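Working notes, structure below.
Values in this document were obtained by computation on a predicted structure and should not be read as measured data.
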Amino acid sequence: MMKRAGIMLALIVISAAALGCASQKGLTFEVKGQVERPGTYDLNDYKDKMVTINARLDGEVTHLPARDYTGVPLRAVLKDAGVKGGATQITISASDGYRQAFELSNITASDDVILINDNDTVRVVAKGYPGGKWVEMVTSIEVT
């Protein structure tokens with residue numbers, strides 16, 4: 001009986017560790033293009049830079065009432081990546097191929113666009129933008 005309990009406990013610990021690794025991987029995304037430090041960035045590395053904004057999703061199909069969202073300002077990630085002079089736009093891409101572009105100057109001017117943990121994937125919450133700009137399952141951010 002004790003041996004069986006020990007085996008079950010070991011399986012639970014191994015499963016929990018595997019799930020932890022999987023969810024952490026889901027919170028990474030690539031920053032590329034006109035940046036000094038291209039590479040993979042992890043939402044977990046920004047816990048000390050989190051902000052809360054109140055935003056409403058108004059999409060063509062989906063409408064959600066205003067509520068608080070807590071995440072990392074996109075401009076904080078871009079600052080860490082070191083945007084090169086002359087860049088004017090960013091394009092955010094999702095794992096399903098969906099893409100949305102933003103004017104760089106709008107992103108760097110405020111904390112209205114944040115990256116959040118949405119069911120162990122990265123999602124854009126874009127206060128004041130149409131719902132289509134709220135990209136789900138973010139995989140990359142390209143600065144051009």
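In this structure S95 satisfies the side chain to side chain contact (heavy atoms under 4.5 Å, CB included) test together with M137, T139, sequence neighbours excluded. Looking at residues two or more places apart in sequence or on another chain, you find a side-chain hydrogen bond (donor to acceptor under 3.5 Å, both in side chains) between N54 and D68. Every residue meeting the side chain to side chain contact (heavy atoms under 4.5 Å, CB included) condition with A94, not counting sequence neighbours, appears here in chain and number order: D96, Y98, V135. Under the side chain to side chain contact (heavy atoms under 4.5 Å, CB included) criterion, T62 pairs with L57, L64, sequence neighbours left out.
If you run side chain to side chain contact (heavy atoms under 4.5 Å, CB included) between I90 and each of I107, T108, V31, only I107 comes through. Shown are T121, I92, L43; of these, the side chain to side chain contact (heavy atoms under 4.5 Å, CB included) with V138 is made only by I92.
In this structure, the separation between CG on N117 and NZ on K47 is 8.5 Å, given to the nearest 0.5 Å. The distance from the NZ atom of K32 to the OG1 atom of T91 is 9.5 Å, given to the nearest 0.5 Å. For the atom pair CD1 of I53 and CZ of R67, the computed distance is 10.5 Å after rounding to the nearest 0.5 Å. Between L104 atom CG and Q89 atom CD the span is 9.0 Å, to the nearest 0.5 Å. The CG atom of L27 sits 6.0 Å away from atom CG of D120, with the distance rounded to the nearest 0.5 Å. In this structure, CZ on R37 lies 11.0 Å from CG on L78, to the nearest 0.5 angstrom.
The backbone N or O of L74 sits nowhere less than 3.5 Å from a side-chain atom of K79 that would complete a donor-acceptor pair. A distance-only check finds no donor-acceptor pair linking the side chain of R123 to the backbone of E136 [under 3.5 Å].
Counting all heavy atoms, side chain and backbone alike, V143 lies closest to A87 at CG1-CB, 3.5 Å. Smallest separation of non-hydrogen atoms from H63 and E60: NE2-O, 4.3 Å. Contact record, S93 with R99: OG-CG, 3.4 Å, taken as the closest heavy-atom pair. Taking every heavy atom of both residues into account, P65 and R56 meet most closely at C-CG, 4.0 Å. Nearest heavy atom pair, residue K49 against residue P73, reads O-CD, 3.3 Å.
Judged as a ring-ring contact (aromatic ring centres under 6.0 Å, His included), the pairs with a partner in residues 67-89 (not counting sequence neighbours) are, in order, Y69-W134.
Note: Y41 and F29 have parallel aromatic rings, judged against thresholds of 30 and 60 degrees for the angle between ring planes.
In N119, the CG atom is not crowded: 12 or fewer heavy atoms of neighbouring residues, nucleotides or ligands sit closer than 6.0 Å.
Apart from V61 itself, the hydrophobic cluster it occupies contains nothing, where clustering links Ile, Leu, Val, Met, Phe, Trp and Tyr at side-chain heavy-atom distances under 4.5 Å.
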Evaluate the criterion side chain to side chain contact (heavy atoms under 4.5 Å, CB included) for residue pair Y46 and L115; output intermediate values, then yes/no.
CA-CA 10 Å; Y46 290 89; L115 303 172; over 6 Å; no

Which is it for R75 and D111 under the salt bridge (charged side-chain N to carboxylate O under 4.0 Å, His left out) test, yes or no, and what are the steps along the way?
CA-CA 7 Å; R75 72 177 176 166; D111 289 342; 2.7 Å; yes

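At a threshold of 4.5 Å between side-chain heavy atoms, the hydrophobic network of Ile, Leu, Val, Met, Phe, Trp and Tyr places V35 and V113 in one connected group. V72 and V125 are members of different hydrophobic clusters when ILVMFWY side chains are connected at heavy-atom separations under 4.5 Å.
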